[in-house]
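Presented below is the structure to which this report refers.
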Amino acid sequence: MSRLLENLNPEQLAAVTLPAQSGLILAGAGSGKTRVLTTRIAWLLQTGQVSQAGILAVTFTNKAAKEMLTRLGAMLPINTRGMWIGTFHGLCNRFLRAHYREAALPQTFQILDTADQLAAIKRLLKVLNVDDEKFPPRELQHFINGNKEAGFRPHAVEAWDDYTRRRVELYAEYDAQCQREGVCDFPELLLRAYELLERNEPIRRHYQARFRHLLVDEFQDTNRLQYLWLKLIAGHATPTPAAVFAVGDDDQSIYGFRGAEVGNMRDFEREFQVPAVIRLEQNYRSHGNILDAANAIIANNSKRLGKNLWTDQGSGEPIRVYEAVADLDEARWIVEEIQQLVREGAARSDIALLYRSNAQSRVLEHQLFSLGIPYRVYGGLRFFERQEIKHALAYLRLMANPDDDTAFVRVVNFPTRGIGARSLEQLQDAARTYNTSLYAAVSQLAGKPAQAIGAFIRLIEEMRLTTRELRLPEMVDHILDASGLRAHYKAEREGEERLANLDELINAATNFISEDSTPAEGEEVVAGDPLSRFLAHASLEAGEHQADAGQEAVQLMSVHAAKGLEFDVVFITGLEDGLFPHENSITELDGLEEERRLMYVAVTRARKRLYMSLAQSRMLHGQTRFAIKSRFFEEIPAELLKWLTPRVQQGFGAVHTPTRNEAYAGSRANAPRQANRDLGGFRIGQSVRHAKFGSGVIVSAEGSGADARVQVNFGAGVGMKLLALGVAKLEAE
DNA sequence: CAGCCTCACTTTTTT
DNA sequence: AGTGAGGCTG
C-alpha cells in the first residue's frame with residue numbers, strides 16, 4: 001500500500017486519499033491527472049473501502065479507458081473486469097443491453113453512428129415529404145442531438161416559433177422511426193439509460209446501492225445529460241449518496257462546440273457539496289519558459305476557476321518563432337528544422353506538428369514526403385467508418401435486425417442488383433401504409449419490384465441460415481462472398497485497399513471474439529448475442545486510427561487531437577489571425593476564450609522545445625489568402641519569444657538577424673505575384689498599419705496611381721476593408 | 001437504371 | 001484542391 005502512495009506530491013496525495021465524499025480535482029496540464037485517478041482506484045480497493053463491483057469510472061474516449069485499465073493492472077494484481085470502467089456511451093450500452101426489456105428496446109438493438117443518423121434523418125424527411133432546403137438534415141441532426149444532450153424529449157422542448165415547432169415535430173417523428181427500427185443514436189444511449197434509471201425504482205436502487213465510488217475523467221467535457229446521469233446514478237438525492245471523484249481542467253475545455261458545459265464544474269462543486277477543491281498545479285512536463293507562455297496566454301480568459309502551473313525544472317530554451325512568406329516556405333522551414341533535430345539525435349516520434357484545422361496538414365505532409373521523412377497523421381477516416389466496412393456491417397446488421405431500415409437502404413442495391421429509386425419508392429410507400437419496416441413491407445409488393453427486392457430478401461435469409469452455426473469471423477467471411485462485396489471490389493480498379501480492409505474486418509471479428517468472450521471470474525456476462533455485441537463494438541469504438549503508433553515517425557495532428565499527449569518538441573503551425581484563432585470563433589459566444597484554451601492546450605504539449613510558425617499567405621480552398629500574425633503572440637511576454645525572422649517595427653522584443661537568410665530570400669520568389677501596378681510603393685501581400693483598424697495585410701488591388709484602391713485584411717474581428725490609397729493613410733509595417 | 005458530370009461545400013471531434 | 005450529392009444522358 002505504502003508503495004502505491006510513494007512519490008506523490010502533497011496535493012496528489014490529498015486527492016488520492018480523499019475521504020469517501022465527493023471531490024473536485026482541478027488538474028492542470030501535465031500535473032499527473034491520470035496517475036491520481038488510477039492510484040485513487042487502487043488505493044480504495046487496497047484499503048478495502050470498496051469492492052471492485054462498487055467502482056464505476058467514466059472516461060470520454062476508449063483510449064483513456066484502456067489506459068486506465070492498463071495502469072490499474074500494473075498497480076494491482078487483480079482482475080479489473082469486475083469494475084465498470086468505460087466511456088459514457090459504452091457503459092450506457094452495457095446497461096441497456098442488460099435491461100433491454102425495461103428500456104423497451106429489442107434485444108438486438110443497433111447503434112447508429114453520426115453518419116447513420118444523418119442518413120436516417122434524410123430518409124425520414126423524404127418519407128414525410130419535407131423540404132430539405134427548409135429543414136437541412138445536418139441542422140436537424142444538430143437540433144435533435146442538442147436537445148437530447150440537454151435531456152429534452154420532444155414534448156419538453158420549448159418552441160416559440162413555427163419553425164421550431166415543426167422541428168420538434170420532426171424530432172418526435174425521428175424518435176418514432178428509431179423506435180420502430182430498433183436503433184439508438186449516440187445521445188439516445190445516454191438519454192434512454194437516464195430515463196430508465198429515473199423511472200424504474202428497483203433498477204435505480206440496485207445500481208445506487210452497488211456503485212459506491214464514481215470517478216470521472218475530463219469532467220470539463222461533460223454535457224448536461226452526462227451530468228444529470230452521474231447525479232442520478234450517484235444517488236445524489238438519497239440519504240446515502242455515492243462518492244463522486246471528478247477530475248478536470250476548465251482551462252482545457254475545448255469541446256464547447258459540441259455541447260460540453262464547463263459550468264458543470266461549478267454546479268458540481270455546489271450541488272455535491274465539495275468541501276474543498278484540490279488543485280494540482282505542479283507541472284512535471286514542460287520547461288519553465290513554455291509554462292510561463294501558457295500561463296500568460298490563459299490569464300487573458302475571464303471565465304476561469306483559477307490555477308497557476310509551476311515547475312521546478314529550469315526555464316529552458318526560449319520559444320522559437322518563424323514567420324514565413326507563404327505556407328510552402330513555412331513547411332520547408334519546419335522540415336529543415338526537423339532534419340536538424342534528428343541529426344542532433346532527436347527521435348522523430350518525439351516531434352509533433354500541430355495545426356488548428358486538418359486542411360493544413362497537406363502542405364506539411366507534402367514537404368515531409370518529398371524529403372523522405374517518416375510521418376504519421378492522426379485523425380483521418382477511421383476503420384469502421386470506411387465505406388466498404390459500413391457496407392459489410394450493414395449486411396450483418398440486417399441479419400441481426402431486419403427492421404434496421406438504415407442498413408437496408410444502404411445495401412439493398414449495393415452491389416447493384418437492378419433495384420432503383422422507383423422500386424424503393426414503392427417499398428417506402430408500402431412500409432408507410434402498413435406501418436412496418438422496409439424489410440417486412442416487401443411481401444406487400446407486386447410486379448417487378450417485388451421480384452428484384454424479393455431476391456434481396458432471400459439473399460439475407462439465406463445468409464442467416466447458412467451462418468447460423470458459424471462463429472463470427474466465418475460469418476463475416478461468408479457474407480463478404482454471398483453479398484457480392486468481394487467480387488465488386490475485386491472488379492474495381494482501385495479496390496485493393498478496400499479488399500484488404502474487408503479482410504481486416506474478419507481479423508477484427510476474430511480479435512473481438514477472443515477479447516469479448518474470455519469469461520473472467522465473477523464477471524457478469526454482458527447481455528446480447530455475439531453478433532449484436534460485435535456491431536455495438538463497431539459503432540462505439542470506430543477503431544484506433546493510429547494502428548501502428550509505435551513507429552519512429554513525426555506526429556501530425558490537430559490541436560484537438562493532441563489533448564492528453566506530450567512531446568519533447570512541438571511545432572504550433574499556422575498561427576495567423578483568422579486561422580488560429582479561427583475566424584468563425586470570433587462571432588461565437590465565448591468563441592475567442594475557447595480558442596485561447598486551445599492555444600493553451602497546444603503550448604502545454606511541449607516538454608523541452610516549442611516552435612511557433614506562421615505564413616503571410618496560405619492556399620486555402622484553392623485560393624491564396626493573406627493574413628497577419630495571430631493575436632496570441634501579443635499575449636506572450638516578448639522575452640519568452642525568439643523571432644527567427646526579422647520583425648521590423650515590431651514594437652516589442654528585440655529584432656534578430658535572420659538565421660535562415662537564404663530560405664527567407666529564396667522564398668520571396670514564391671510569393672504570390674499579381675500584375676504590376678503603381679500602388680504608391682505598396683504591394684500585394686504586404687503588411688500595413690492603419691490608424692483606426694490596426695495591422696493588416698494587402699490582399700488585392702484595383703486601379704492604379706491616384707485612384708488605386710486596396711483590399712486589406714485586418715484579421716478576425718475587423719475583417720476585410722476596401723481602402724483608397726489616396727485617402728487612407730497606410731503605413732508600411 | 002446506371003454512369004458521368006457539374007455544383008456547392010469546407011473548424012475543431014468522440015461516442 | 002478535393003469531396004460528396006444531385007442532375008442529366010445513354
Side-chain angles (χ1 to χ4, degrees), chain A residues 58-65 86-93 111-119 122 132-133 136-138 145 148-149 184-191 193 218 221-223 225-226 253-260 327 354-363 366 378-382 384-385 387 413-425 448-449 452 536-545 557-564 574 578-588 591 594-595 597-599 601-602 618-625 716:
Chain A
V58 208
T59 61
F60 270 83
T61 63
N62 293 299
K63 202 172 144 201
T87 63
F88 278 101
H89 295 86
L91 295 173
C92 287
N93 173 53
I111 299 165
L112 300 185
D113 68 17
T114 313
D116 295 332
Q117 185 188 28
L118 190 63
K122 285 182 182 167
D132 60 5
E133 301 260 298
R138 280 188 178 284
N145 289 350
K148 285 192 183 188
E149 278 165 2
C184 285
D185 55 47
F186 284 134
E188 182 70 26
L189 288 173
L190 276 126
L191 186 52
E218 307 277 14
D221 288 339
T222 50
N223 62 36
L225 181 56
Q226 286 159 343
S253 157
I254 54 174
Y255 287 111
F257 71 94
R258 65 169 198 221
D327 48 358
L354 308 185
Y355 33 79
R356 176 64 179 84
S357 65
N358 286 310
Q360 290 167 245
S361 75
R362 202 161 220 97
V363 215
H366 181 80
Y378 286 72
L381 243 201
R382 297 150 82 220
F384 285 108
E385 286 169 358
Q387 183 208 95
N413 196 34
F414 193 94
T416 49
R417 33 178 87 89
I419 299 168
R422 287 285 286 250
S423 310
L424 266 185
E425 218 162 281
K448 258 192 189 161
H537 164 83
S539 302
L540 290 173
E541 209 168 325
E544 306 297 278
H545 36 281
M557 66 194 83
S558 70
V559 180
H560 283 89
K563 190 167 90 154
L579 193 61
F580 198 178
H582 197 280
E583 53 198 344
N584 294 0
S585 71
I586 305 297
T587 49
E588 282 166 27
E594 182 145 319
E595 293 291 305
R597 290 192 291 269
L598 202 50
M599 184 66 187
V601 168
R618 178 178 298 279
M619 276 292 267
L620 208 61
H621 313 316
Q623 278 188 332
T624 306
R625 305 210 332 178

(message) Given 3.5 Å as the limit, does a donor-acceptor pair link the side chain of D327(A) with the main chain of L620(A), or not?
(response) no
(request) Find the distance E133(A):CD to dG6(C):C1' and express it as a whole number of Å. (result) 11 Å
(request) Take the protein atom CZ of R356(A) and the nucleotide atom C1' of dT10(B), then report the distance between them rounded to whole Å. (result) 13 Å
(message) Mind checking if E188(A) touches a base, just sugar-phosphate, or nothing, with heavy atoms under 4.0 Å?
(response) nothing
(request) Hey, could you give me the CD/CE distance between Q360(A) and M619(A), rounded to the nearest 0.5 Å? (result) 14.0 Å
(message) Quick check for you: among dA1(C), dT15(B), dT12(B), whose closest atom lies nearest to any side-chain atom of S357(A)?
(response) dT12(B)
(request) Name the residue closer to the 5' end of DNA chain B, choosing between T114(A) and N358(A) according to the nucleotide with the nearest heavy atom. (result) N358(A)
Any protein N or O atoms within reach of nucleotides 2-5 of chain B? Criterion: under 3.5 Å, listing atom names and distances.
unit_1: dA2(B); atom_1: OP1; unit_2: G418(A); atom_2: N; d: 3.1
unit_1: dA2(B); atom_1: OP2; unit_2: N413(A); atom_2: ND2; d: 3.3

(request) Quick one: closest heavy-atom pair of K148(A) and P187(A), and the distance? (result) CB-CB, 3.7 Å
(request) Could you check whether the rings of H560(A) and F257(A) sit parallel, tilted or perpendicular, using 30° and 60° as the cut-offs? (result) perpendicular
(request) State whether the side chain of H582(A) and the backbone N or O of N584(A) hold a donor-acceptor pair below 3.5 Å, judged by distance alone. (result) yes
(request) Quickly work out the R258(A) CZ to dT14(B) C1' distance and round it to whole Å. (result) 5 Å
(request) Look at all strands and tell whether F88(A) reaches a base, only sugar-phosphate, or nothing, counting heavy atoms closer than 4.0 Å. (result) nothing
(request) Take atom CZ of R138(A) and atom P of dT13(B), then tell me their distance rounded to the nearest Å. (result) 14 Å
(request) Report yes if at least one side-chain N or O of R382(A) is closer than 4.0 Å to OP1 or OP2 of dT15(B); otherwise report no. (result) yes
(message) What is the distance, to the nearest angstrom, from the CD atom on E583(A) to the C1' atom on dT11(B)?
(response) 10 Å
(request) Send over the distance from H582(A) NE2 to dT11(B) P, rounded to a whole Å. (result) 6 Å
(request) Mind checking the CG-CZ spacing from L579(A) to R625(A)? Nearest 0.5 Å is all I need. (result) 7.5 Å
(message) Whether N62(A) contacts dT15(B) is assessed here as follows: a side-chain N or O lying under 4.0 Å from the phosphate OP1 or OP2. Is that the case?
(response) yes
(request) Please state how far atom CZ in F186(A) lies from atom P in dT14(B), giving the value in whole angstrom units. (result) 11 Å
(request) Please tell me which of A421(A) and P187(A) maps to the more 5' nucleotide of DNA chain B, matching each residue to the nucleotide holding its nearest heavy atom. (result) A421(A)
(request) Measure from NE2 on H560(A) to P on dT13(B) and round the result to the nearest Å. (result) 7 Å
(message) Determine whether a donor-acceptor pair (N or O, by modelled atom type, separation under 3.5 Å) exists between the side chain of T59(A) and the backbone of T61(A).
(response) yes
(message) So, does S423(A) get its side chain near the phosphate of dC1(B), meaning an N or O under 4.0 Å from OP1 or OP2?
(response) yes
